[in-house]
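All of these numbers come straight from a predicted model, not from anything done at the bench. Computed from heavy atoms alone, side chains included, the values below leave out hydrogens, waters and symmetry copies. This chain uses plain numbering: 1 for the first residue, then up along the sequence.
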Amino acid sequence: MKDAFRQSMAWLHTWVGLVAGWLLFFVFVTGTAGYFQQEISRWMQPERVVTVAPVEVDRMILTDRAIERLATVAPVAAVRRQHPWHRLWVEI
């Protein structure tokens with residue numbers, strides 16, 4: 001009896017492991033396909049040309065908008081503070 005029980009548990013362990021492994025494989029493959037959906041669609045339809053028009057953006061305008069937004073959301077964070085090492089930093 002002990003031998004039959006051990007054999008049945010080994011069989012059960014094998015099949016449960018295989019089913020769980022294939023289920024996880026399926027979940028991971030579909031998740032990966034979902035994550036790379038745009039890249040896969042582009043690869044499957046090479047005849048469709050994708051053009052992106054360059055956007056002219058003034059960095060100063062964007063910086064001013066960001067600082068204004070920061071001043072409204074978190075006024076304390078909008079105050080420019082100088083770090084003790086500010087002289088070592090190179091500003092571009």
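For I61, the side-chain contact (heavy atoms from CB on, under 4.5 Å) partners at least two apart in sequence or on another chain are D58, R65. Every residue meeting the side-chain contact (heavy atoms from CB on, under 4.5 Å) condition with F25, not counting sequence neighbours, appears here in chain and number order: W22, V29. For Q45, the side chain to side chain donor-acceptor pair (under 3.5 Å) partners at least two apart in sequence or on another chain are R48.
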Could you list the donor-acceptor pairs under 3.5 angstrom formed by side chains in residues 7-20, with sequence neighbours left out?
{"residue": "S8", "atom": "OG", "partner": "A4", "partner atom": "O", "Å": "3.3"}
{"residue": "S8", "atom": "OG", "partner": "F5", "partner atom": "O", "Å": "2.8"}
{"residue": "T14", "atom": "OG1", "partner": "A10", "partner atom": "O", "Å": "2.8"}

Using residues 67-77 as the side-chain source, report each donor-acceptor pair under 3.5 Å to any protein atom, sequence neighbours left out, with the distance given to one decimal.
{"residue": "T72", "atom": "OG1", "partner": "R69", "partner atom": "O", "Å": "2.7"}

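Counting Ile, Leu, Val, Met, Phe, Trp and Tyr side chains that sit under 4.5 Å apart, directly or through other members, Y35 shares a hydrophobic cluster with F36, I40, W43, M44.
Enclosure of atom CD in Q37 is not indicated, since only 12 or fewer non-hydrogen atoms of other residues, nucleotides or ligands lie within 6.0 angstrom.
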